[in-house]
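Below: the structure, in structure tokens.
Treat the numbers as computed from the prediction; the structure is a model and nothing was measured. Numbers restart at 1 for each chain; the letters A, B, ... are given by sequence-line order, proteins then strands.
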Amino acid sequence: MTMQHMRVRIGPATFDIRSPFRAPVEAARRLYAEYPQGSDDEIFDFAVAAVPTVWWRRWYRRSMTFRADYMMEDIVPIEERLGLLGFEMAVNMQMALGYRRDIVLHAASAAQGDRAIIIVGDSGAGKSTLSALLSYSAGWRHLGDELALIAMDDPITLKPYPRPIGLKNQSIAVMRERVDGSRFGPELTGTMKGTVRHLLPPAGAIANMDVPARPALIVSPHFAEGVAPRTEQMSQSEAYMRLSVASTNQLQLGEPGFDTLIRLVREVPAYDLHYSDSEDALKLVADLWAKAG
Amino acid sequence: MANETETPEGTSIDAEENARVASRRRVLKLGAIAVPAVATLSPSMAMANNGGGAAVSMMACQVRIPSRIDADGDVVPDNAHVFRQGGHWVYKKDPNSKQKTRVFRVGSNFSYSGQQIKDATAGGVINPPAGVGRHKFEAHVRYMQHVRSGNVPGAGLSCLVSLTNSLNVANI
Amino acid sequence: MGESGVTPSLILHEALRHPSTIGTLGTRQWNALIRVARAEMLMATLGERAAGTDVPDKARLLLDEARAAARRNHDAARFEVLRMADALRDSGIPVVLMKGSAYLMALLPPLPGRNIGDLDIMVPRESLADTERALKGAGWLSVKPRGTYDDAYYRQWMHELPPLAHEMRGGVIDLHHTILPLTARLTPRPERIFEHAVRPAALAPGGETDALPDNIFVMSPPEMLLHSATHLAYDGDFQGGARNLWDIDRLVRHFAKAEGFWDELTIAAAAHDLTVPLARALRLAEALYETPSPPSVRGRGDIVDRLALRKLRGHDEYGQGAAPGAQFLLFLRGHWLRMPPLMLARHLWTKWRARRGEGRREAPQNAR
Amino acid sequence: MSGARYIPARADLRVEPLEDLTLVFHRLSGETHILSPEMEMMFSHLPDAGIHPAGLLRTLETEYGAVEAEDGDALAVISQRLEELAALGLVIRAA
């Protein structure tokens, strides 16, 4: 089987991506063209492969499943045209399940100077959109839209993991109004989350992906039609619970993981944000950011 | 959980604080025996969840429901005029509208355990616990969904997190 | 890799045996070694073995990450053992720790880096109901397998009850009363295991372990090795075989230091009717890790050895299995060994139907 | 049940009070326990040498004047709470 093959580094982790299917690897190559390409002469972190579900599916009614270093058994087969999405999913899974050097948080993040905001929330709460707006409309440095890496050091730092931003459904149009089409990946329709389109972070975010930042504000966005914009501060223990539950590995990191989150919620204020409109969201964040000093 | 106004806040109570507390001769009121007082974040459960975030043990989880909740899951204000109409309790939610909203009432210490909620919403189908009518339970689930997103303060903290998954499947 | 004829699996086996050799590996070989070690659940073990060896920085980072995870795993596993021991303390039932938890509590050489999964324990068959009751009283719940077939199947035919999971922590206990399924054609004698069981501290180097109640035991050295060997040779298709053989290698090298060990082992193997699986395990351990054993105990290789070795050595540089033919034959053999043919057919049919049904129900929403 | 003595496993624990609730990290299990104010208050009043439920009740009565339970017997609630802590490994039950 001839394999298409590429290596790419995102923040601290290098991925080896391969498949006998040409199209998804080529799509990944295009999407990641601005990222550092790993070389063959380097030890990489995780291998991810898209393989045919059954051997003849390579040619007929093409569908693929994924193999990787960390458990991928449960992934449902994906049509060939959505292969790029499968890679993204598999890459994230490796970080969520296998990466133990930092706390992996299911959160978006962005920075101004060396100070960062962490955006936590359930899928669909508006994390990706808010982080895309911050970086493209408010001049923030994009650190990541899906996973935030919190180093268990003193002082606590956030390591950038600036993967392409996974925009869904209405938020694609919201960002398309603001950003040139050349920074968008292909439109993937009919996925389990509706229509998905990747947006490359601004070039500066990729160029500075080894520059950490210090967390200064934690927000949890709640987008809902027709609500008046407002913020509410979380108690420390509530912030702890939200972060701990949003983490894929903190509970498995033992006392250093506990210690880091305790320090984080003591040092950094956390707020719920309610809004129905992206301009309101940006204004709420700006106000809190000014207050966080 | 113990009522907050009747319990001390800090962990270590020094002698002075002791004397102060003792001199007030307060009554320490303990919570009901059946309501667990610890919530646990457990790494093995996080692992069982396959990396999709941790789980809080459902057994140690309690959400108290306010005595008057309307059909939208909002708390009925104390000063609202609630009256009976057509066999139901209702009130005018918007004073400028003629529309009436149904009100569901419970006793002062009514709560659900995490397990009850989990059972009642298993498989994405609402199946109210024994003794709770369907409409009332749906209103309560709506209330809990608000609580989860921080709209209503004061419900059991541990439940905010553990309920997230159960309530997500309840399509209300 | 092609250039030297050394497969990625062989790099791993060699690295475990002689950790100093990994200092000479090239980048491509390192990448292959990491993939295979992860696939075989031996990454942390490799990290412990290579602790003093000079390796590339990135390799050190990945090995240390795995070691740290294994240490956390050991703490959590120790906690589960202590909770279980506490729950059964007053029952008077003798409890034998099996596999990983035995190595953990007796601090035996397979331990460093070894991942410990569910807590496997063995009690006398007549005490099963009391044990289950005591554990349920302390928060463990029967994990109800879907449908009644599985539950009945477990209770009637297997060497363990349906697993018990703790309601708060989710930790799982597998409760055994013998070391092989009742349907297997070999019939080991569990009562002998209880007769010869020893306290964990009796095996621990230095005798220092956690204080455990008087009714908690581990198997005697010959029986611990026999159990590990049986587990390898009978657990289906040699999946995870490199890890199980590593356990065996470490146990053999440790226990064989004692005078008369091989004689005791031979007697125990005969008493349990486990001479054949023991011999196979020793042959495969020798092939992978040069594990020393007397030729008379080891016996002669056969076609199953060759299939097993093809699979054990067949990982590609991404850790994927590359011997599908051997894999399928071994899969059939695993089931054949454990069940009479008619039952096997019924079992596979029921499993297949259940899986199909599940697939249909779950496919549209399985969006994790 | 009230005959047992309960000894806090403080050496295995790291207790971190936050503004509102107290978190307890248990090193061996890796679990994080969030104590309600009532539970935290009982836990912090356990002497290192251990105490019977009745003894803890007396300690609390000395401190607060009176102890009442929402649904009846304060001693039963305290016994139950200590059992909850023992089940989690935060206290050790000694005969």
Side-chain angles (χ1 to χ4, degrees), chain A residues 96-107 118 120 150 152-156 215 217-220 231-272 288 291-292, chain D residues 6-50 56 59-60 63-64 67 69-71 77-78 80-93:
Chain A
L97 300 174
Y99 184 88
R100 299 285 183 95
R101 309 201 284 273
D102 305 298
I103 296 176
V104 178
L105 212 57
H106 186 58
I118 299 174
V120 288
I150 297 174
M152 295 178 282
D153 298 330
D154 193 11
I156 297 167
L217 178 66
I218 299 164
V219 298
S220 175
T231 62
E232 268 169 51
Q233 184 154 14
M234 289 182 216
S235 73
Q236 289 181 351
S237 63
E238 185 169 357
Y240 182 94
M241 298 266 278
R242 299 263 194 107
L243 294 175
S244 185
V245 169
S247 171
T248 62
N249 67 356
Q250 179 259 338
L251 286 165
Q252 281 141 51
L253 295 171
E255 196 166 359
F258 175 77
D259 176 79
T260 304
L261 271 203
I262 287 280
R263 282 188 289 135
L264 186 63
V265 300
R266 281 193 178 133
E267 290 166 13
V268 177
Y271 294 86
D272 282 304
L288 289 174
K291 219 161 81 179
Chain D
Y6 295 85
I7 303 166
R10 292 216 165 88
D12 297 338
L13 306 175
R14 183 163 151 191
V15 180
E16 292 287 349
L18 294 177
E19 303 159 326
D20 48 344
L21 295 172
T22 296
L23 268 58
V24 178
F25 178 74
H26 187 242
R27 293 195 179 88
L28 201 56
S29 67
E31 292 174 326
T32 302
H33 304 287
I34 299 142
L35 306 189
S36 71
E38 165 186 329
M39 192 63 122
E40 189 283 322
M41 184 261 309
M42 285 186 205
F43 183 74
S44 63
H45 281 82
L46 291 175
D48 289 349
L56 181 58
T59 307
L60 296 175
E63 205 139 293
Y64 295 94
V67 179
E70 200 172 285
D71 54 358
V77 174
I78 290 174
Q80 167 70 22
R81 294 289 178 258
L82 290 171
E83 274 299 305
E84 281 178 52
L85 292 174
L88 299 168
L90 302 186
V91 302
I92 311 295
R93 194 193 307 100

d(A:Phe258 CZ, D:His26 NE2) to nearest 0.5 Å is 12.5 Å
Nearest-0.5 Å distance, CG of residue D:Leu23 to OH of residue A:Tyr240: 5.5 Å
Working to the nearest 0.5 angstrom, can you tell me the gap between D:Glu19 CD and A:Glu238 CD? 11.0 Å
Closest approach of D:Leu21 to A:Ser237 (non-hydrogen atoms, all atoms of both residues): CD1-OG, 3.7 Å
